[in-house]
Amino acid sequence: MKIDKIKNYNQNLLAVLGTVLLLIAIMGLFLMAIFFISELNRNNYRNTEEGILSDEKIEELQQENKRKQLISYESPRLVDTLNLVYIIPVSHKTLKNEEAIEAEALLDLRSSDSYQRDKRYSNRYYGDFNNILVYDYKNQEVVKLFDRRINFAKIQTEYFEDDILVLFKASTKDTYKDGVINQMDYKTLFIYSLKSQKLREVQWENADVSEFNFVENSKDLIINFGIDHNRDGKFDSYIEPSLIKKYDYANDKLADIVSDQMSKELQMNLEGTKKE
């Protein structure tokens, strides 16, 4: 009897252990599947964040008469309903392998899965862009904003009674020296007026436009510039300082909000060296 009980106990124990091991194996496979899916999504995200190739890399490819990126048109965005004026963001696709420039390649004309948030008098479009086309449907005219190579990730349209402004922060040089022009590099604020059809460029030396906001009921802006304190070609908001300036839209000028004297006093106070 005791032997039978011991056998039954061992069998039950083995059954429980087998079930536990099976559950562990299933859980392991499930976690591995999640890991591979997350890695795949991360790689896809990285591909969209690659930016455009630096001038140095472009020169290397040109010497071999090759290319690695193709332009891609995003869906037109209606920004002026009355006059039927659209903007057409120009993005790009990075090829897995370099190809000869003579090779024909179909452009990917699919609309991006960019997120659009509607707000009264304001719209925002997200993606990975390298140009903007302004399409005047009534007059059948298309204007290209840039003849140089740039990269930007968000387009913002602001609506006023007398004008519509298109704004975006764009990188124009590989300041970080990592081989690509992307959002890691210094960014400049560009402002395009649909009324005047003029493009403005707002920047500060050795600084990155990290954030900007409109003054209430005005076209003036308050701009945060990130200072590249260690001069490594990028702004790290965790360890590097920023300053704010006011942009006078009517006069196209930047002005200090905090005076140099007050900045010195604040710094001395932080250091504990301010004299009483």
Side-chain angles (χ1 to χ4, degrees), residues 48-77 79-80 85-95 98-109 112 114 125-137 139-157 163-205 207-209 212 233 247 249 252:
T48 63
E49 293 295 316
E50 283 183 350
I52 61 175
L53 298 177
S54 66
D55 293 339
E56 291 78 9
K57 181 62 178 177
I58 287 294
E59 289 179 4
E60 293 178 10
L61 291 172
Q62 287 178 345
Q63 290 176 1
E64 300 177 1
N65 200 35
K66 292 183 177 181
R67 65 187 174 195
K68 193 171 174 64
Q69 293 182 322
L70 299 174
I71 61 170
S72 177
Y73 299 106
E74 303 295 323
S75 296
R77 323 289 191 185
V79 294
D80 187 344
V85 177
Y86 295 78
I87 61 172
I88 305 175
V90 183
S91 62
H92 58 275
K93 303 296 180 183
T94 301
L95 305 175
E98 299 169 0
E99 68 176 17
I101 290 180
E102 292 81 8
E104 295 183 0
L106 295 176
L107 295 178
D108 186 353
L109 299 179
S112 71
S114 59
Y125 313 101
Y126 297 85
D128 192 11
F129 311 120
N130 60 66
N131 215 322
I132 289 181
L133 305 179
V134 180
Y135 174 38
D136 185 336
Y137 179 82
N139 296 314
Q140 288 298 294
E141 294 178 351
V142 178
V143 176
K144 179 179 63 175
L145 293 193
F146 293 96
D147 288 320
R148 54 176 164 160
R149 307 174 64 251
I150 67 168
N151 176 260
F152 52 103
K154 183 176 77 170
I155 302 170
Q156 180 173 331
T157 54
D163 200 358
I164 299 172
L165 301 181
V166 181
L167 305 95
F168 47 96
K169 301 183 300 182
S171 299
T172 61
K173 296 180 181 178
D174 180 20
T175 58
Y176 188 47
K177 303 300 181 184
D178 60 348
V180 292
I181 301 173
N182 60 16
Q183 297 299 287
M184 294 288 288
D185 302 304
Y186 296 163
K187 293 178 287 296
T188 297
L189 176 61
F190 289 93
I191 307 172
Y192 180 76
S193 165
L194 264 64
K195 181 180 180 180
S196 66
Q197 297 184 345
K198 291 183 179 180
L199 182 66
R200 304 185 185 196
E201 184 173 354
V202 184
Q203 60 184 335
W204 193 253
E205 186 178 2
D208 175 82
V209 176
F212 63 89
Y247 175 67
Y249 183 84
D252 190 20

Does the ring of Y247 carry R200 above it, NZ/CZ under 6.0 angstrom from centre and within 45° of its axis? no
Non-neighbouring partners of Q63 that pass side-chain contact (heavy atoms from CB on, under 4.5 Å), sequence neighbours left out: none
Scan residues 172-189 for pairs that pass salt bridge (charged side-chain N to carboxylate O under 4.0 Å, His left out), counting only residues two or more places apart or in two chains. K187-D208
Results of side-chain contact (heavy atoms from CB on, under 4.5 Å) for E64 - residues two or more places apart only: K66, E98
Which is it for S171 and N151 under the side-chain hydrogen bond (donor to acceptor under 3.5 Å, both in side chains) test, yes or no, and what are the steps along the way? CA-CA 5 Å; S171 299; N151 176 260; 5.3 Å; no
Minimal heavy-atom distance between T188 and E201, with the atoms involved, is CG2-CG, 3.2 Å
Residue list, side-chain contact (heavy atoms from CB on, under 4.5 Å) with D80, at least two apart or on another chain: L82, N83, V85, I164, L194
Once rounded to the nearest 0.5 Å, what's the spacing between atom CG of L189 and atom CG of L167? 6.0 Å
Counterpart residues, side-chain hydrogen bond (donor to acceptor under 3.5 Å, both in side chains), relative to Q156 (two or more places apart): E158
Salt bridge (charged side-chain N to carboxylate O under 4.0 Å, His left out) with D55: which residues, sequence neighbours excluded? R149
Qualifying residues under side-chain contact (heavy atoms from CB on, under 4.5 Å), relative to V143, sequence neighbours excluded: V134
So which atom in D128 and which in G51 form the shortest heavy-atom distance, rounded to 0.1 Å? OD2-N, 3.8 Å
So, using salt bridge (charged side-chain N to carboxylate O under 4.0 Å, His left out) as the criterion, who are the partners of K144 when residues are at least two apart? D147
side-chain hydrogen bond (donor to acceptor under 3.5 Å, both in side chains) partners of T172, counting only residues at least two apart: none
Distance col, row F168:CZ vs F152:CZ, nearest 0.5 angstrom, shows 5.0 Å
Residues in side-chain hydrogen bond (donor to acceptor under 3.5 Å, both in side chains) contact with E59, at least two apart in sequence or another chain: none
With sequence neighbours left out, the residues meeting ring pair (Phe, Tyr, Trp, His ring centres under 6.0 Å) with Y86 are Y135
Set of residues satisfying side-chain hydrogen bond (donor to acceptor under 3.5 Å, both in side chains) with respect to N130, sequence neighbours excluded: H92
Do I87 and Y192 touch side chain to side chain, with heavy atoms closer than 4.5 Å? no
A quick test of your reading: do over 12 heavy atoms of other residues, nucleotides or ligands sit less than 6.0 Å from CD of E205? no
